[in-house]
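Heads up: the structure comes next, in structure tokens.
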Amino acid sequence: MVDQGPYIQGPEVERFEHDFARQFGLGHVVGVNTGTDAVAVALRALGVGPGDEVLTVALTAAGTGLGILMTGAEPRFVDVDPGTRTIDPAHLAASVTPRTAAVVPVHLHGFPAAMREVMACAHRHGLAVVEDCAQAHGAMCHGQPVGTWGHAAAFSFYPTKNLGTAGDGGAVATGDKLLAERIRMLAHSGWSDPRRISQAAAWNTRLDALQAAVLNVLLLHLEASNRERRAVAAAYRHHLTGLPVGLPPMDDGAVYHQFALTVADRDRLRADLEREFHIGTAVHYPVPLHCQPAFAPYARSRLPVTEQLADTLLSLPVQPEVVAGHEPQVAAAVRWCLGVTEKRRAA
Ligand SMILES: *Cc1c(COP(=O)(O)O)cnc(C)c1O
């Protein structure tokens with residue numbers, strides 16, 4: 001590939017766009033440079049811009065909110081459901097205003113958001129829907145792939161994602177051919193024909209050909225790797241039963257980008273696991289978007305469920321290459337640390 005070129009667009013990018021679309025029934029896929037760009041380009045192609053409000057969640061990566069800001073629209077934050085940890089359909093419906101133009105549900109940790117309810121609300125109010133699938137490549141909602149529910153979907157191929165490349169990468173998917181052409185035009189300098197005349201204020205954001213070549217190999221393994229993540233999750237569930245922790249929702253369509261517990265004394269458990277067992281955990285996400293300076297101007301209210309989860313979520317190691325076969329030890333370590341905490345409390 002390095003010997004052959006071309007390094008911009010070309011057959012590797014075309015093959016990836018085609019194969020990724022076909023594998024998940026996504027219709028049309030346009031590679032871009034990042035997941036953040038994918039959110040922005042998708043919204044812009046759907047006509048979202050300055051003066052508009054876009055509803056999304058605050059329990060997500062910065063890219064969701066930054067992509068909205070890149071269009072000139074204002075993000076508005078909706079609370080999540082405590083069970084699914086994804087957008088709360090009732091709060092969504094209550095948050096629509098005359099300025100609301102779109103909603104960006106996030107399939108957090110690889111769990112499908114409640115897309116039936118989201119789409120029903122969107123139809124009622126004439127909202128565009130861009131699914132943020134950055135953590136959910138291959139996930140299913142009611143047996144239908146995520147990314148096929150909304151008008152468009154944003155994917156990231158950042159190295160840590162379920163389908164992660166060797167650098168930055170992203171894609172927009174849509175079932176609508178005309179929308180796909182508009183997305184491609186907006187991602188490629190506003191060009192819509194070989195004359196390379198910019199037709200609109202656009203971005204230059206492309207999936208790099210070298211990254212596409214990596215993705216073409218990794219795509220072949222995605223479904224197997226998602227199955228392994230589900231097996232890790234099932235083992236964790238089995239071995240963690242009975243402990244004073246909240247487990248992730250049960251959902252056959254989930255692809256476990258994370259396996260996140262909720263636990264009251266999260267920071268202590270995290271420190272104890274690291275110190276006593278050298279088990280590295282993470283928090284996704286400790287500071288919800290509405291509490292970050294970049295988004296504070298758009299925060300209108302507290303989000304109690306989001307804030308509670310941000311204080312209590314703890315992501316256990318879930319990458320199959322790292323943890324497969326070791327789930328009982330990780331669970332035993334959690335059990336030991338929680339027992340110690342109990343003893344300290346009693347003392
Ligand atoms: C990673 C991620 C993004 C941003 O993707 P980048 O490729 O890092 O720009 C957006 N949304 C969610 C939910 C993510 O996890």
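Indexing begins at 1, ligand by ligand and atom by atom, following the structure's order. Computation of the quantities below employed the complete heavy-atom set of this structure, encompassing side-chain atoms and omitting hydrogens, waters and symmetry-equivalent molecules.
Both W149 and L127 belong to a common hydrophobic cluster when Ile, Leu, Val, Met, Phe, Trp and Tyr are linked at side-chain heavy-atom distances under 4.5 angstrom.
Shown in contact with A61 at under 4.0 Å from a heavy atom are these atoms of ligand 1, numbered in order with element: 2 (C), 12 (C), 14 (C), 15 (O). Listed by number with element, the atoms of ligand 1 under 4.0 angstrom from any heavy atom of S156 are 5 (O), 6 (P), 7 (O). For ligand 1 and T60, the ligand atoms under 4.0 Å from any heavy atom of the residue are 13 (C). Heavy-atom proximity to T34, at under 4.0 Å, picks out these atoms of ligand 1: 7 (O), 9 (O). Set against the non-hydrogen atoms of G35, the atoms of ligand 1 under 4.0 Å away are 5 (O), 6 (P), 7 (O), 9 (O). Listed by atom number, the atoms of ligand 1 under 4.0 Å from V106 heavy atoms are 13 (C).
Counting all heavy atoms, side chain and backbone alike, S156 lies closest to K161 at OG-CE, 3.4 Å.
For atom 9 (O) of ligand 1, the closest heavy atom belonging to the protein is T36 OG1, 2.6 Å. The closest protein non-hydrogen atom to atom 11 (N) of ligand 1 is D132 OD2, 2.7 Å. Taking atom 2 (C) of ligand 1 as the reference point, the nearest protein heavy-atom neighbour is K161 NZ, 2.8 Å. For atom 3 (C) of ligand 1, the nearest protein heavy atom (residue, atom name, distance) is A134 CB, 3.9 Å.
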_Quick one, K177 with E181, criterion salt bridge (charged side-chain N to carboxylate O under 4.0 Å, His left out). Give me CA distance, side-chain angles, the key distance, then yes/no._
CA-CA 6 Å; K177 186 160 184 293; E181 282 168 16; 3.4 Å; yes

*side-chain hydrogen bond (donor to acceptor under 3.5 Å, both in side chains) between D19 and N216: does it pass, once the steps are laid out?*
CA-CA 8 Å; D19 290 357; N216 279 323; over 6 Å; no

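Aromatic ring centroids of Y256 and Y236 lie 6.0 Å or more apart.
Ring geometry for F157 versus F155: interplanar angle under 30°, hence parallel rather than tilted (30 to 60°).
Distance alone, capped at 3.5 Å, places no donor-acceptor pair between the R335 side chain and the L240 backbone.
Any N or O atom pair closer than 3.5 Å counts here, and D168 shares no such pair with ligand 1.
The existence of a salt bridge linking E53 and R300 is excluded, since no basic side-chain nitrogen approaches an acidic carboxylate oxygen closer than 4.0 Å.
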